[in-house]
2 protein chains.
Amino acid sequence: MSTTHTGVPTALPHPVPAAEYQACPVTDVLQLLGDKWTLLLISLLGQRPYRFNELHRAVDGISQRMLTRTLRTLETDGLVEREVFPTVPPSVEYRLSPLGTSLLEPVSALAGWAVTHHGEIVAARGRR
Amino acid sequence: MSTTHTGVPTALPHPVPAAEYQACPVTDVLQLLGDKWTLLLISLLGQRPYRFNELHRAVDGISQRMLTRTLRTLETDGLVEREVFPTVPPSVEYRLSPLGTSLLEPVSALAGWAVTHHGEIVAARGRR
DNA sequence: CAGAATCCGGATAGATACTG
DNA sequence: CAGTATCTATCCGGATTCTG
């Protein structure tokens, strides 16, 4: 194996095939959580169930469309359960599924890191 | 406080002002990690330092432009350090900063959850 | 009340060509 | 080798309108 002046091997010990990391569970989950509203909705639903317009009012700034879309994605991925009450007018309740609830723990760990270190990130950004 | 037939209070105990969650450290960090390449690059750089084209070869499918942009963002946010060796041809090495290294731990926790539960998500998606 | 449908602008990301 | 510059296709998300 040839090396450069830096001592870094030029041959790769672990090449990453596209098919692998595109299906990477971690990347997939991170992208699921990384959008604009998902995490906030999960944390709200982690407190208690919410109804649609209740969420709409709770999350200042979210559009009806994005609230619907984000909830649909979470429902499709099995993190949120949607229950329709056939009343007039209709009422729909959203709650975390057991799977979604289990997600609260590792998210909290990352949230803890974020709270602790976000200042450093902001400081680094401030330097350029 | 009035309640509905579902027993859910209509008054919100915890309204979420836009200014708050838009600056939310957790949302900020999650969005930082949630893009297409960031997590993969962090995990690679968590193993050892890499040079630019070495990363380009390691991450099959990434464009030169996106590799540059993603690394720049990570550098700007203080998670990755960039060292230039004034050789001919030039050589640039990327490594995790201490801040970036500290991120490996909570990311691993979330990664563990992802590995454990990704099948359930995929299964849920499969049902619709 | 809880949405669906449509339209649209800005951001995102890939491909390509060029350079110190 | 390690980028930059440019162009372009696509996606994301907001606003608006309409409905069972």
Side-chain angles (χ1 to χ4, degrees), chain A residues 2-12 18 21-22 27 30-41 49-76 80-95, chain B residues 2-6 8-10 12 18 21-22 27 30-41 49-76 80-95:
Chain A
S2 69
T3 56
T4 68
H5 66 285
T6 61
V8 176
T10 51
L12 290 172
Y21 67 78
Q22 283 180 2
T27 295
L30 261 289
Q31 289 187 16
L32 170 63
L33 301 180
D35 82 304
K36 195 169 179 179
W37 306 109
T38 295
L39 183 73
L40 180 60
L41 290 178
Y50 274 81
R51 288 172 54 192
F52 185 85
N53 275 345
E54 207 181 4
L55 282 173
H56 199 187
R57 285 187 296 269
V59 183
D60 189 26
I62 195 172
S63 65
Q64 215 171 33
R65 170 184 148 86
M66 288 314 297
L67 178 55
T68 301
R69 280 176 50 96
T70 306
L71 287 171
R72 284 288 181 277
T73 298
L74 287 171
E75 189 194 359
T76 298
V80 161
E81 291 166 355
R82 175 176 179 272
E83 186 176 8
V84 181
F85 298 93
T87 56
V88 179
S91 168
V92 179
E93 195 171 285
Y94 293 90
R95 68 184 70 240
Chain B
S2 69
T3 56
T4 67
H5 66 285
T6 61
V8 175
T10 51
L12 289 173
Y21 66 79
Q22 282 179 3
T27 296
L30 261 288
Q31 289 188 15
L32 170 63
L33 300 179
D35 81 304
K36 194 169 180 179
W37 306 109
T38 295
L39 183 74
L40 180 59
L41 291 178
Y50 274 80
R51 289 172 52 192
F52 184 83
N53 276 346
E54 209 180 2
L55 282 173
H56 198 187
R57 285 186 297 270
V59 182
D60 190 26
I62 195 173
S63 65
Q64 216 171 31
R65 171 184 148 86
M66 287 316 296
L67 179 55
T68 301
R69 280 178 51 96
T70 306
L71 287 171
R72 285 286 181 279
T73 299
L74 287 171
E75 190 195 357
T76 298
V80 161
E81 291 166 355
R82 176 177 179 270
E83 185 175 7
V84 181
F85 297 92
T87 58
V88 179
S91 170
V92 179
E93 197 171 283
Y94 293 90
R95 71 183 69 241

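- Residue A/N53 contributes atom CG, which lies 9 Å from atom P of C/dG3 at whole-angstrom precision.
- A heavy-atom distance below 4.5 Å is not found between the side chains of A/Y50 and A/L41.
- Nucleotide C/dA11 holds its C1' atom 13 Å from the CD atom of B/Q31, rounded to whole Å.
- Between B/H56 and B/Q64 the shortest heavy-atom distance is NE2-N, 3.8 Å.
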Subject >> Verdict with reasoning, A/E75 to A/R72, per side chain to side chain contact (heavy atoms under 4.5 Å, CB included) >> reply: CA-CA 5 Å; A/E75 189 194 359; A/R72 284 288 181 277; 4.0 Å; yes

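- Residues A/R95 and A/P49 come closest through the heavy atom pair NH1-CG, 3.5 Å.
- First and last contacts of DNA chain D with chain B, using any nucleotide atom under 4.0 Å from a protein heavy atom and ordered 5' to 3', fall at D/dC1 to D/dT6.
- Summarising the geometry of B/G34 relative to A/Q31, their closest heavy-atom pair is O-CG, 3.1 Å, with the distance given to 0.1 Å.
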Original post:
When you look at B/L40 and B/I62, which way does the side chain to side chain contact (heavy atoms under 4.5 Å, CB included) test go after all the steps?
Top reply: CA-CA 11 Å; B/L40 180 59; B/I62 195 173; over 6 Å; no

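- For the helix from C/dC1-D/dG20 to C/dG20-D/dC1, the end axes, each set by the C1' atoms of five terminal pairs, are bent relative to each other by 50° (nearest 10°).
- For A/R82 and C/dA2, the shortest distance from a side-chain N or O to OP1 or OP2 is not below 4.0 Å.
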Original post:
Quick one: what's the B/S/- string for nucleotides 14-20 of chain C, heavy-atom cutoff under 4.0 Å, read 5' to 3'?
Top reply: BB-B--B

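- With rounding to the nearest 0.5 angstrom, the OG1 atom of A/T38 is 7.0 Å from the CG atom of A/L33.
- Across all non-hydrogen atoms, the minimal contact from A/V84 to A/P86 is O-CD, 3.7 Å.
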**OP:** For B/V59 and B/L67, run side chain to side chain contact (heavy atoms under 4.5 Å, CB included): C-alpha distance rounded to whole Å, both residues' side-chain angles, the deciding distance at 0.1 Å, then the answer.
**Re:** CA-CA 9 Å; B/V59 182; B/L67 179 55; 5.8 Å; no

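- Between B/T68 and A/D35, the residue anchored nearer the 5' end of DNA chain D, judged by the nucleotide with its closest heavy atom, is B/T68.
- Side chains of B/T70 and B/D35 form a contact here, defined as non-hydrogen atoms less than 4.5 Å apart.
- Distance, A/L71 CG to C/dA4 P: 11 Å, rounded to whole Å.
- Residue A/R51 contributes atom CZ, which lies 10 Å from atom C1' of C/dA2 at whole-angstrom precision.
- Put simply, the side chain of B/L32 reaches to within 4.5 Å of the side chain of B/T73, judged on heavy atoms.
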